[in-house]
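Data block below; observations after.
Per chain, numbering begins at 1; letters A, B, ... match sequence-line order. Bear in mind the structure is a predicted one, so any value in this text is a computation, not a measurement.
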Amino acid sequence: MAFENKFVQQRIEKAELLKKEGINPYSNDSKRNTTIIKYLNVNSDIESKEEKRDEHRHYIVSGRIKLFRIMGKASFIKIEDESGMLQVYVARDNLPEGFYNDVFKKLVEVGDIVEISGYPFVTGQGELSLHASEVKLLTKAISPLPEKFHGVTDKEIRYRKRYLDLIMNSDIRRTFQTRSKVISLTRRFFEEKGFLEVETPMMHPIAGGANARPFITHHNALGIDRFLRIAPELYLKRLIVGGFEAVFEINRNFRNEGMDATHNPEFTSIEFYWAYKTYKDLIVITKEYFKYLFDHLNLPTLLPYGDLEVNFGNFTEIPLIESLTTIGGVPAEITNSKEEIVKFLNSKNITVKPDLNLGQLQGELFDEFVEGKLIDPTFITEYPVEISPLARRSDENPDITERFELFIAGREIANAFSELNDPVDQYNRFKGQVDAKDAGDDEAHEMDEDFIDALSYGMAPTAGQGIGIDRLVMLLTNEHSIRDVLLFPAMKPIHNDEQTTQNEEL
RNA sequence: GUCUUGUUAGCUCAGCUGGUAGAGCACGUCACUUUUAAUGAUGUGGCCGAUGGUUCGAAUCCAUCACAGGACACCA
């Protein structure tokens with residue numbers, strides 16, 4: 001089982017030998033007084049000095065050994081901390097009697113975490129390095145690191161053992177630092193706009209707010225099932241009813257559906273709700289939000305994404321029906337006829353489910369001919385009411401809703417609308433969903449009577465929006481799999497023989 | 001869910017039409033006091049993803065399964 005690998009055994013023996021030498025292989029007595037990046041910055045003047053060294057300066061740095069080059073009575077090692085990589089020169093005659101030969105060369109190796117004291121100097125090859133006067137082992141690594149040149153490239157290992165991926169591919173830290181900044185900037189942006197951050201339940205008695213299959217969990221003491229939330233929407237709206245006028249929540253949603261390059265069972269979104277505003281105000285604040293992100297992340301306006309280049313200075317707005325013809329090249333005369341749309345789709349070898357209504361067919365046309373062409377940020381507005389169950393109808397045209405979706409690089413990034421606040425209309429739409437559920441649609445909503453009750457007390461006219469943070473981070477970091485922007489993406493168990501049998505018994 | 005590619009040493013990978021397992025790195029030993037994936041010599045290291053089949057003989061061929069990557073479908 002654990003530690004049976006012979007390389008691991010070898011290293012455990014080294015740890016034992018260290019203990020016999022009176023050296024703790026897991027010492028926590030760290031005296032580090034600078035980071036590697038600071039060391040390199042502060043001592044960048046050494047290069048210009050006559051002797052290329054300054055023995056009066058003294059630093060203590062720590063890090064993991066990534067490279068180990070022994071050259072007889074002296075060695076070069078490279079150590080890495082969170083901030084960067086540093087070369088250390090270790091010579092026998094600068095260390096206590098016997099330490100170099102008996103301890104350093106024999107019992108310290110790549111992967112170990114060490115602490116080095118010494119002074120700065122520049123090598124003959126011109127690299128600013130640290131001249132060691134003391135080497136102290138902080139942590140013995142008993143598993144060997146992957147190969148030093150190729151590192152770990154196997155995606156499966158990288159996702160399952162993210163710690164190893166971070167050790168070996170330290171540049172991916174930048175992706176996760178960007179992710180952290182996006183979340184932090186998002187929080188700051190909405191706070192500066194006067195929004196209140198709230199936390200609503202993640203265990204719901206009724207899974208609502210989206211069309212999705214939920215995870216089910218169980219409350220032992222109450223003896224009842226709960227659903228992990230698929231969206232925070234209905235709770236956030238209850239808060240608007242209660243009198244909060246601008247709220248947001250950044251957190252996880254859970255959907256019990258397939259996994260692929262853009263879907264993880266748990267994903268992070270921000271949803272925000274804004275009273276006395278409409279979806280038009282949301283378009284304005286969304287543009288401001290992107291500008292804020294780009295300014296604070298120092299991203300260029302022309303951002304590459306794969307083979308594409310996205311111009312974040314070019315936000316446009318277009319109603320869905322109009323986009324079908326101007327962007328999708330669909331003949332204008334067919335977009336308002338079910339029969340004509342079906343005929344057109346069939347002529348393009350696209351088959352659709354029978355009995356789709358006009359709005360759904362328009363949605364099909366959009367997915368097929370428009371979505372992929374929306375590279376620069378585009379707000380698609382005026383969605384058909386049939387495919388917008390939670391949005392408020394337009395006062396001018398009852399067939400369309402006050403809604404937009406934002407598309408960037410051919411993908412949906414945000415979904416927003418003026419919220420439905422007519423409790424009777426909402427009740428009837430829920431009822432329609434309940435009928436659909438009874439008819440076998442297991443993603444249809446359930447009746448949420450408490451939410452209807454809340455609306456019945458009156459919700460101020462409100463606009464609400466959701467932005468998928470994972471997909472946003474993918475866009476900003478030029479990553480094409482959601483697994484590359486999640487530290488620990490969901491993976492299937494490797495050895496699931498036992499689990500499978502357990503499941504079969506259930 | 002469908003199709004497709006992969007799974008061989010700790011890591012990165014070879015292994016042809018079936019004949020009993022290879023390299024580099026890492027690790028051990030030796031040499032080497034300014035290297036840059038250090039170098040040179042030498043050695044250890046494997047249930048060839050799992051199960052079954054074909055065969056005198058399977059890492060190799062066939063089937064099933066597991067996991068992963070990619071594409072498509074479904075889903076927001």
Side-chain angles (χ1 to χ4, degrees), chain A residues 3-11 13-14 52-53 65-78 85 87-95 100 105-107 109-111 121-127 129 131-132 141-161 164-165 167-169 209-213 230-231 233 253 255-265 267 269 350-351 353 363 367 371 387-390 405 411-415 441-443 466-468 470-471 480-481 483-484 489 491-497 499-500:
Chain A
F3 310 141
E4 72 182 3
N5 179 283
K6 37 200 90 57
F7 299 106
V8 174
Q9 280 301 328
Q10 248 173 35
R11 285 171 169 247
E13 278 161 33
K14 288 184 186 179
K52 305 267 187 198
R53 62 177 58 209
I65 300 175
K66 298 298 287 288
L67 292 168
F68 208 119
R69 293 190 278 271
I70 298 177
M71 301 164 43
K73 297 177 187 66
S75 302
F76 285 95
I77 62 173
K78 291 225 169 171
M85 184 100 85
Q87 174 166 271
V88 178
Y89 179 70
V90 183
R92 184 191 67 182
D93 299 341
N94 296 304
L95 296 173
Y100 180 79
K105 282 205 316 193
K106 292 211 152 78
L107 304 177
E109 59 207 312
V110 170
F121 80 115
V122 171
T123 65
Q125 303 294 312
E127 181 168 345
S129 306
H131 202 292
I142 60 169
S143 283
L145 286 186
E147 205 250 3
K148 64 187 173 189
F149 188 56
H150 299 93
V152 184
T153 57
D154 187 299
K155 291 254 185 198
E156 184 167 357
I157 298 176
R158 295 183 59 188
Y159 297 146
R160 286 188 196 276
K161 302 192 170 201
L164 201 53
D165 189 26
I167 291 171
M168 298 310 295
N169 304 307
N211 288 323
R213 304 227 315 252
I230 54 176
E233 170 150 354
N253 296 309
R255 298 191 183 173
N256 205 343
E257 291 164 355
M259 290 154 56
D260 61 29
T262 56
H263 295 83
N264 197 66
F267 63 97
S269 71
I350 300 157
T351 49
K353 282 184 223 153
D367 291 348
E371 181 168 4
I387 54 174
S388 309
L390 295 162
E405 289 196 1
R411 258 194 220 143
E412 183 206 335
I413 287 291
N415 184 14
D441 181 355
D442 52 5
E443 283 179 359
I467 302 173
D470 309 284
R471 292 183 190 177
H480 293 254
S481 169
R483 295 182 158 191
D484 290 316
M491 301 290 280
K492 292 192 201 173
I494 314 174
H495 303 295
N496 63 350
D497 298 350
Q499 240 178 328
T500 314

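At a cut-off of 3.5 angstrom, counting only N and O atoms as typed in the model, there is no donor on one side facing an acceptor on the other between the side-chain of A/K6 and the base of B/U44. The base of B/U12 lies outside donor-acceptor range of the side chain of A/T153, with no N or O pair under 3.5 Å. Between the side chain of A/Q87 and the base of B/U35, at least one donor-acceptor pair of N or O atoms lies under 3.5 Å. Taking only distance into account, the side chain of A/S129 never meets the base of B/U34 through a donor-acceptor pair shorter than 3.5 Å.
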Heteroatom pairs (N/O) under 3.5 angstrom, protein to nucleotides 24-33 of chain B:
from	atom 1	to	atom 2	distance (Å)
B/C25	O3'	A/K148	NZ	3.2
B/A26	OP1	A/K148	NZ	2.5
B/C27	O3'	A/K14	NZ	3.2
B/C27	O2'	A/Q10	OE1	2.0
B/C27	O2'	A/Q10	NE2	3.3
B/G28	OP1	A/K14	NZ	2.5
B/C32	N3	A/G72	N	3.0
B/C32	N4	A/G72	N	3.4
B/U33	OP2	A/K73	N	3.1
B/U33	O2	A/Y89	OH	2.8
B/U33	O4	A/D93	OD2	2.0

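Annotation: side chain of A/L145 is in contact with side chain of A/I167 (closest heavy-atom distance under 4.5 Å). For the pair A/D93/A/K73, no side-chain contact is recorded, criterion being any heavy-atom separation below 4.5 Å from C-beta on. Side chains of A/Q87 and A/L67 form no contact here, defined as non-hydrogen atoms less than 4.5 Å apart. At least one side-chain heavy atom of A/R483 sits under 4.5 Å from a side-chain heavy atom of A/M491. The shortest side-chain heavy-atom distance between A/I413 and A/R471 falls under the 4.5 Å cut-off.
Side-chain N/O atoms of A/R69 include none lying less than 4.0 angstrom from OP1 or OP2 on B/U35. Proximity of A/Q125 to the phosphate of B/U35: a side-chain N or O atom is located under 4.0 Å from OP1 or OP2.
Residue-level contact check: A/E233 touches neither bases nor backbone, having no heavy atom under 4.0 Å from any strand.
In the set B/U34, B/G10, B/U35, B/G10 carries the atom at the smallest distance from any side-chain atom of A/N5.
Taking atom C1' on both nucleotides, B/A59 is separated from B/U51 by 16 Å, rounded to a whole Å. Comparing B/C48 with B/U4, their C1' atoms are spaced 23 Å from each other, to the whole Å. Remark: the separation of the P atoms in B/U20 and B/A58 is 12 Å, to the nearest Å. Rounded to whole Å, the separation between the C1' atoms of B/A26 and B/A66 comes to 30 Å.
Of the residues near RNA chain B, A/A210 and A/E156, the one whose nearest nucleotide (by heavy atom distance) lies more toward the 5' end is A/E156. Residue whose closest nucleotide on RNA chain B sits further toward the 5' end, between A/G151 and A/R53: A/G151.
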Legend entry - Contact letters for nucleotides 70-75 of chain B, in which S counts primed atoms plus P, OP1 and OP2 and B counts the base, heavy atoms under 4.0 Å: ---B-B
Legend entry - Pair assignment for RNA chain B - dot-bracket with | for other-strand partners, Watson-Crick or G-U under 3.5 Å: (((((((..((((.....[..)))).(((((.......))))).....(((((..]....))))))))))))....
Legend entry - Stepwise salt bridge (charged side-chain N to carboxylate O under 4.0 Å, His left out) test for A/D484 and A/R158: CA-CA 9 Å; A/D484 290 316; A/R158 295 183 59 188; 5.3 Å; no
